Amino acid sequence: MNVCVITDNQFIYEQFLLILKDARYQSESFDFFSSPGNPLRQEPGCQIRPGQVDLKQATQDFFSRYELFLSLHCKQLFPPTLVKNHRCINVHPGFNPYNRGWYPQVFSILNKYPAGVTIHEIDEQLDHGPVILRRQVPVYSWDTSLDVYTRIQQMEVELLKEFLPVLLSGAYRTFQPETEGNVNLEKDFKKLCRLDPDQKLTWQEAIDFLRAMTFQGYRNAYFYDKEGNKVFVEIRLEKD
Ligand code: 0FX
């Protein structure tokens, strides 16, 4: 079977290549793409050369080459012609229907909705279609966004390892999530980043806010001091 894998996430890409080394997948054909402007690093010694695809510009001819489209953190919304006429599956780093959209674990730390992984068929709305499977991951009081995200990525890899044969064959039942849930966009995250030094919070709210925004390698939360300096803030938590 011909599978089109579209991913903008280097870690998931590399892990997926490892999964595909299993003998069960040797007779299947996987093509890899990322979104324009976001090239994947080619793995040393790996024959697979990832391409880039702009799904808005892609032709019917391109779509008809594949029997399955797999989004492993693809940053593009799949167009209606694609999702209506082809089987499309999304691996999403959130527990649908809660905090669909951008950076789910950040919002789960803040609003206490479940965090986890959802593998679902793609429809025209963001992280919305019928659920094939989903798993929750715990969020501890000492977790930062990075800690929860790392747990989520491990869970994504575990689920792909276990269920890829079923995803490929289509031998699964789906269910509709219990509610429409809620969606967060990139702009919602960006808005959160700017702290208001005069905002009144409890300690618990302040700690939860800062740990939701702490992800080593990214400068997220910031404030402007009286002199106009922009100052980034993160938190370190240590469980006894
Ligand atoms: O690939 P991904 O983990 O996932 C994102 C969306 O959250 C997801 O819902 C969507 N399906 C997918 C296509 O794109 O995103 P990322 O690799 O850009 O970021 C990973 C984490 O890094 C994120 O959860 C929080 C953290 N991060 C990222 C950026 C860019 C920050 O804390 N600050 C940032 O500025």
Side-chain angles (χ1 to χ4, degrees), residues 5-16 32-41 50 52-55 69-79 82-83 88-111 113-129 131-132 134 137 139 143-157 159-160 177 181-195 208-222 230 232-236:
V5 182
I6 313 178
T7 174
D8 290 304
N9 188 289
Q10 187 71 30
F11 175 82
I12 301 283
Y13 169 58
E14 289 170 18
Q15 294 298 312
F16 195 69
F32 286 86
F33 298 91
S34 62
S35 300
N38 185 26
L40 291 164
R41 265 195 324 274
Q52 289 183 43
V53 66
D54 180 345
L55 291 173
F69 291 80
L70 190 56
S71 158
L72 302 178
H73 296 210
C74 166
K75 300 248 193 241
Q76 300 174 71
L77 207 53
F78 278 30
L82 174 56
V83 298
C88 301
I89 292 177
N90 184 28
V91 177
H92 172 62
F95 189 82
N96 283 5
Y98 307 105
N99 294 318
R100 291 158 41 215
W102 235 240
Y103 309 160
Q105 82 285 352
V106 169
F107 294 92
S108 287
I109 293 173
L110 292 173
N111 61 20
Y113 289 161
V117 176
T118 305
I119 300 184
H120 66 94
E121 289 196 334
I122 301 179
D123 66 8
E124 288 175 54
Q125 295 181 55
L126 185 60
D127 303 324
H128 182 266
V131 173
I132 300 168
R134 63 179 179 181
V137 302
V139 176
D143 280 337
T144 62
S145 168
L146 175 60
D147 296 324
V148 185
Y149 185 71
T150 304
R151 209 169 286 138
I152 285 171
Q153 283 205 312
Q154 282 163 357
M155 177 64 80
E156 288 181 304
V157 174
L159 292 179
L160 280 169
N182 65 308
V183 182
N184 306 293
L185 303 178
E186 191 180 16
K187 66 175 191 270
D188 299 315
F189 175 76
K190 291 243 148 67
K191 226 185 279 164
L192 275 180
C193 288
R194 182 167 180 170
L195 291 173
D208 282 349
F209 174 78
L210 288 174
R211 68 198 187 92
M213 304 306 285
T214 296
F215 196 112
Q216 280 76 25
Y218 288 111
R219 301 194 303 177
N220 290 329
Y222 65 89
K230 187 175 184 178
F232 287 95
V233 195
E234 57 179 43
I235 193 171
R236 195 174 74 84

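When a ligand or atom number is given, it counts from 1 through the structure's own listing order. Everything numeric here is computed off the predicted structure, so don't read it as measured data.
A distance of 8.5 Å separates CZ in Phe232 from SG in Cys193, rounded to the nearest 0.5 Å.
Contacts between Cys74 and ligand 1 below 4.0 angstrom, taking non-hydrogen atoms only, involve the backbone exclusively. The part of Asn220 lying near ligand 1 is the side chain, judged by heavy-atom distances below 4.0 Å. Of all the heavy atoms of Tyr103, the ones lying under 4.0 Å from any atom of ligand 1 are found in both the backbone and the side chain.
By the definition of a contact as any protein heavy atom under 4.0 Å away, atom 31 (C) of ligand 1 is in contact.
The side-chain contact (heavy atoms from CB on, under 4.5 Å) test with Asp8 singles out one residue from His73, Lys75, Gln52, and that residue is Lys75.
Under 3.5 Å, the side chains of Asn96 and Asp127 contain no donor-acceptor pair of N or O atoms. For Thr150 and Asp147, the side-chain atoms include no donor-acceptor pair closer than 3.5 Å.
Not a single heavy atom of Gly94 sits less than 4.0 Å from an atom of ligand 1.
Between atom 15 (O) of ligand 1 and the options Lys75, Met213, Gln216, the minimum heavy-atom separation is to Lys75.
Protein heavy atom nearest atom 3 (O) of ligand 1, with residue, atom name and distance: Tyr149 OH, 2.5 Å. Closest protein heavy atom to atom 17 (O) of ligand 1: Asn9 ND2, 3.7 Å. Looking at atom 11 (N) of ligand 1, its nearest protein heavy atom turns out to be His92 ND1, 3.8 Å.
Taking distance alone, with nitrogen or oxygen atoms compared against 3.5 Å, Gly101 approaches ligand 1 more closely than that limit.
Contact of the Phe11 side chain with the Val157 side chain is registered, since non-hydrogen atoms from C-beta on lie closer than 4.5 Å. Ser71 is listed as a side-chain neighbour of Phe78, based on a closest heavy-atom distance under 4.5 Å. No side-chain heavy atom of Glu234 sits under 4.5 Å from any side-chain heavy atom of Asn220.
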